[in-house]
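A short write-up of the structure that comes next.
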Amino acid sequence: MLGGILSLILFSLGLVSFAFALSFYLQKNGYLYTRVFTLLLGIAIFLACAGHSIVAWTADARAAFIPHIVGLFGIDTLLLLELTFLFYDMKAKRSRAAIPVVFFAIFESLDLLFRVAKNCYVYISQVLYTTYELKDYFSHIFHYCYVGTIAVFLLFLSIRWHKSRTLAREKNFSMRVIAANFLLLLFDIINASGVTIFEQSPNFLYCAVLTIVFFIWYSQVKKYSSFVLSVQNVSKEVFYTIDAPVLILDMAGNLDLYNAAAGWALKIDDNKKNTLRDLFTLTDVDALRLLTKAKRAFSGRLETSIRATEQKCFASYFVKLDYTGEPYCMIMTVTRQAQEELK
């Protein structure tokens, strides 16, 4: 019973990790290589967790080694991906970075090969789950030689990476990655010693720690990427500081948001609900025509006057669409005619 529950938890952890990684890859702008590596790390975590969890659900003990190898491939690849990312982010020369990356890739391949060729595990079918025990200690030692060597190398490289950072937010990011690598190295040592807390799922704790390491990475990458110079990240500051009137209206023509320049130029009264007709000298027909066009997702420009000051102006509006492709607001900029003539 416990083996089935642990396997379900493990599979869920892998699935959630992959979902978060995919969401980050699809939603964020900029830092393409960071998004790609995060997605690959999420896939590796999923393979590690799903592979080890499916072992418990495999009724045929002879076939259980297949998902087990997939799980081990996920663990080994995760470490190799982080190593590759550090070299890439440090902008190391490809020739210098290729040597350790290729070395550890060969090391990983041999590790998996020995486990398959030597059949180093005995798979035992219980009533509700399948578990495994170590049979070949050479393969076990070889595996932890690989994991231990790459973990120590990662630790050394991440410290160098931290020292090469200049900004405080970069150093904060790299310190969290170093802490995650320390955690990983600690559990490598525990796992290599043969200590097993859950006999029903021997690698449960290690895969759970890998998931924790991934989410440390994910949270820090997400926080760090929020400072990428993009429209998404600076739009709020631009909206409130730009010296031009900007209005945000709903599809009924009601004013929802405006910046300081708009409040000053249009003499907007915060104590009442403002509509297009309150702001500009539009007739009912003009306002209806504008809103009808906007509801059909047509942007445009009109010549009118500011109602509070009677100053002639041009109001340009852009219709923003939601994720279903339907209009949900209008972004309007107001230019006084005197300014337009100067252009």
Side-chain angles (χ1 to χ4, degrees), residues 9-53 67 69-92 97 100-102 104-105 107-109 111-112 146-147 149-158 161-162 165 170 172-188 191 203-226 228:
I9 292 171
L10 208 54
F11 189 86
S12 301
L13 289 174
L15 197 59
V16 169
S17 299
F18 173 70
F20 271 77
L22 182 62
S23 173
F24 178 76
Y25 173 78
L26 294 175
Q27 291 180 8
K28 285 289 181 181
N29 296 317
Y31 280 107
L32 177 62
Y33 74 91
T34 305
R35 288 161 46 217
V36 170
F37 273 108
T38 302
L39 178 60
L40 293 174
L41 289 172
I43 292 171
I45 289 288
F46 175 73
L47 291 177
C49 293
H52 284 94
S53 64
I69 291 299
V70 171
L72 293 171
F73 172 76
I75 292 174
D76 289 358
T77 304
L78 177 79
L79 300 170
L80 192 61
L81 283 170
E82 188 186 341
L83 177 69
T84 308
F85 171 80
L86 291 179
F87 276 122
Y88 195 95
D89 198 62
M90 289 171 68
K91 296 178 173 59
V101 170
V102 171
F104 282 113
F107 208 157
E108 176 190 351
S109 301
D111 176 37
L112 294 171
Y146 164 74
V147 172
T149 305
I150 196 171
V152 170
F153 192 84
L154 274 172
L155 200 55
F156 167 74
L157 192 63
S158 56
W161 178 53
H162 174 72
R165 304 295 86 184
E170 292 177 336
N172 186 54
F173 173 40
S174 58
M175 275 303 296
R176 298 298 190 280
V177 175
I178 291 172
N181 285 334
F182 262 117
L183 182 65
L184 198 59
L185 185 58
L186 174 63
F187 275 85
D188 282 334
N191 231 28
N203 265 2
F204 173 82
L205 191 59
Y206 189 69
C207 289
V209 169
L210 284 178
T211 308
I212 293 169
V213 168
F214 170 76
F215 277 105
I216 292 172
W217 165 273
Y218 172 81
S219 63
Q220 293 306 308
V221 163
K222 191 172 182 181
K223 187 186 296 183
Y224 180 73
S225 65
S226 65
V228 178

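For this chain, numbers begin at 1 and follow the sequence in order.
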Quiz item: Taking all atoms of both residues into account, what is the closest heavy-atom pair of F153 and P100, and its distance?
Solution: CZ-CB, 3.9 Å

Quiz prompt | C207 versus I75, closest heavy-atom pair with distance | solution = SG-CD1, 4.4 Å

Quiz item: Do you know the tightest heavy-atom contact between L78 and L210?
Solution: CD2-CD2, 3.3 Å

Quiz item: In Å, rounded to the nearest 0.5 Å, how long is the span from OH of Y146 to CG of D76?
Solution: 4.5 Å

Practice problem: For the pair H52 (side chain) and A48 (backbone), establish whether a donor and an acceptor sit closer than 3.5 Å, ignoring hydrogens and angles. | Solution: yes

Quiz item: Parallel, tilted or perpendicular for F85 and W161, by the 30°/60° rule?
Solution: perpendicular

Quiz prompt | Closest approach of R165 to M90 (non-hydrogen atoms, all atoms of both residues) | solution = NH2-CA, 4.4 Å

Quiz prompt | Reported CD1-to-OG1 distance for the pair I43 and T38, which is rounded to 0.5 angstrom | solution = 11.0 Å

Quiz item: Are the side chains of F215 and V16 in touch, meaning some heavy atoms are under 4.5 Å apart?
Solution: yes

Self-check item: Approximate separation, where rounding is to 0.5 Å, of L13 CG and I45 CD1
Solution: 9.5 Å

Exercise. Drop me the distance from L157's CG to F87's CZ, to the nearest 0.5 angstrom.
Key: 5.0 Å

Quiz item: Is atom CZ of F104 surrounded by more than 12 heavy atoms (other residues, nucleotides or ligands) closer than 6.0 Å?
Solution: yes

Exercise. May I ask you to check whether over 12 heavy atoms, not counting those of Y88, lie within 6.0 Å of atom OH?
Key: no

Exercise. Search all heavy atoms of T77 against all heavy atoms of E108 and return the closest pair with its distance.
Key: OG1-OE2, 2.9 Å

Quiz item: Say you draw a straight line from CZ of R35 to OG of S23; how long is it, rounded to the nearest 0.5 Å?
Solution: 11.0 Å

Practice problem: Please round to the nearest 0.5 Å and tell me the distance separating atom OG1 of T34 and atom CG of D89. | Solution: 6.0 Å

Practice problem: Return the minimal non-hydrogen interatomic distance between L10 and C49, and the atom names on each side. | Solution: O-CB, 3.1 Å

Quiz prompt | Intermediate values then yes/no, side-chain contact (heavy atoms from CB on, under 4.5 Å), Y25 and V36 | solution = CA-CA 7 Å; Y25 173 78; V36 170; 3.9 Å; yes

